[in-house]
Number of protein chains: 2
Amino acid sequence: MNTTKNIKRTKKVDVPEPTLKRMPTYTMHLKALLQQGVVNISAPAISEELHFDPTQIVKDFAFTGVKGKPKVGYSVVELIHSIEKYLGVDKKNEAFLIGAGKLGQAILSYHALQGFGINIIAAFDVDKSKVDTQYGNIQILHFDKLGELAKRLGVGIGILTVPGSAAQEAAEAMVKSGITAIWNLTPAKLRLSSNIIVQDTAMYSDVAVLLHKLNS
Amino acid sequence: MNTTKNIKRTKKVDVPEPTLKRMPTYTMHLKALLQQGVVNISAPAISEELHFDPTQIVKDFAFTGVKGKPKVGYSVVELIHSIEKYLGVDKKNEAFLIGAGKLGQAILSYHALQGFGINIIAAFDVDKSKVDTQYGNIQILHFDKLGELAKRLGVGIGILTVPGSAAQEAAEAMVKSGITAIWNLTPAKLRLSSNIIVQDTAMYSDVAVLLHKLNS
DNA sequence: TAGATTGTTAATCGATTAACAATC
DNA sequence: TAGATTGTTAATCGATTAACAATC
């Protein structure tokens, strides 16, 4: 039995990551259109607003399996449903937030995140003044309880908002607790087992791009 | 006189944006090495740690103008200086922060930002309970004062951390105040004059990528 | 029917990766 | 000198954009 062949058998019709990153922009815009009572929308019309190439928009939508009508465009409602289903927004996607500092609190209070498919069900911290308090309607628990709770509730997603210096250690504890996907908002470069999904939000990278554009 | 030709004359040796985004990762790693007393480092050695392609690392470094020695690698100190100079970290880069909510406070308390070249010198908000207080050593002023202060101090960078619903309006006020570069941390898609530099940090895009990787 | 827009295939563009000569 | 690594040119890969046929 040839393992290499088996891996290749999974036909690689994978979405480009840039497409994936544009998806939430689409749903946000489409929801605004829906509220304005717009029923159908064409790719060129969206292009006008978002400044994406119309062909690219058509291609992006095609990945979700939605069908449009020539001359008419797409049903706004259908599009929203199709994209959200494709992204897995309808799934449970329960997450723990690790590190209830300012950034963690900002994420906790950003309720729109639920609209993008992530459902934060508890937060963890080591700071005794924060532990066993509520933030919004989310309980902050001691970090020690992460392992037990993650296993009991079967939570697989962790949002990492601890200080950069504590990030690696916290991430390792998360993995031990059974967390398999980490949204890393710290500046740290995490070194974890390759089967763990890590998604970095590297703010400093964006700062570098901004400054370079400004100073050149 | 042909304008089109004049524009093209500026030989397009522009850095790829991915290169720019990797730069801060390099400086962070190199600074750690420096603290460990490492004097020289080769691209293959960095590749081992950061999992970037070694050729890509060599190319990235070349953009900054630094010179390496075959068989030895690069001087860690020289590299840091070269990259930081290239990114404009040495420049003043004074910035205002607009919106002193949780996310704004998180940015304000993230002192490492200074190490990436941005120097926040004041924050603005419309919330009376926040106005005229200090956060860390940064004064929070009323949003009304933005225009006057931006002009007086010649501040050109604005960090936008208001709620998404207020983002467009705040951004327009910033532009009127003479701000030419905006780091947009809100989910809003800003519609501004094309000469304004806007850099989005779109957290929801990263969530979309994470969930898709997890659910597939 | 005429024309706008979808859907798909082909061309282009840009970044990554590979190859290799130069060199310390 | 031998060999590792830089520096650069070429090949590959993937995403964007263009072209165009299908169709409502």
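Throughout, protein chains are lettered first and strands after them, A, B, ... in sequence-line order, and every chain is numbered starting at 1.
- Checked against side chain to side chain contact (heavy atoms under 4.5 Å, CB included), B/Gln36 has the following partners two or more places apart in sequence or in another chain: B/Ala32, B/Leu33, B/Val38.
- Residues forming a ring pair (Phe, Tyr, Trp, His ring centres under 6.0 Å) with B/Tyr74 (at least two apart in sequence, or on another chain): B/Phe61.
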Would you give me the side-chain donor-acceptor pairs under 3.5 Å for residues 164-171 of chain A, sequence neighbours excluded?
{"unit_1": "A/Gln168", "atom_1": "OE1", "unit_2": "A/Arg191", "atom_2": "N", "d": "3.0"}
{"unit_1": "A/Gln168", "atom_1": "NE2", "unit_2": "A/Glu172", "atom_2": "OE2", "d": "2.6"}
{"unit_1": "A/Gln168", "atom_1": "NE2", "unit_2": "A/Arg191", "atom_2": "O", "d": "3.0"}

Distances for protein N or O near nucleotides 18-24 of chain D N or O, under 3.5 Å:
none

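- Shown here are the ring pair (Phe, Tyr, Trp, His ring centres under 6.0 Å) partners of B/Phe96, two or more places apart in sequence or in another chain: B/Phe124.
- Looking at residues 34-43 of chain A, you'll see that no heavy atom sits under 4.0 Å from any atom of DNA chain D.
- Taken residue by residue, residues 206-216 of chain A places no heavy atom nearer than 4.0 Å to DNA chain C.
- A/Phe61 places its CZ atom 15 Å from the P atom of C/dT8, with the value rounded to the nearest Å.
- Scanning for side chain to side chain contact (heavy atoms under 4.5 Å, CB included) contacts around B/Lys91 gives A/Asn215, B/Asn93, with sequence neighbours left out.
- In this structure, A/Leu160 and A/Leu185 have side chains that are not in contact, with every pair of non-hydrogen atoms separated by 4.5 Å or more.
- Rounding to whole angstrom units, CD of residue A/Gln56 and C1' of D/dG14 are separated by 13 Å.
- With sequence neighbours left out, the salt bridge (Lys or Arg N to Asp or Glu O under 4.0 Å) criterion links A/Asp206 to B/Lys21.
- In this structure, CG of B/Leu20 is placed 14 Å from C1' of C/dA15, rounded to the nearest angstrom.
- A search for salt bridge (Lys or Arg N to Asp or Glu O under 4.0 Å) contacts involving B/Lys59 returns nothing, not counting sequence neighbours.
- Applying the ring pair (Phe, Tyr, Trp, His ring centres under 6.0 Å) test to every pair with at least one member in residues 193-216 of chain A, sequence neighbours left out, gives these pairs: A/Tyr204-B/Phe116, A/His212-B/Tyr86.
- Side-chain contact between A/Val39 and A/Val77 is absent, with no heavy atoms from C-beta onward closer than 4.5 Å.
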Secondary structure of DNA chain C in dot-bracket form (Watson-Crick or G-U wobble, distances below 3.5 Å, | marking inter-strand pairs):
..||||||||||||||||||||||
Output, in order, the C-alpha distance, side-chain angles, deciding distance and verdict of salt bridge (Lys or Arg N to Asp or Glu O under 4.0 Å) for A/Asp60 and A/Arg22.
CA-CA 8 Å; A/Asp60 284 350; A/Arg22 283 188 293 269; 2.7 Å; yes
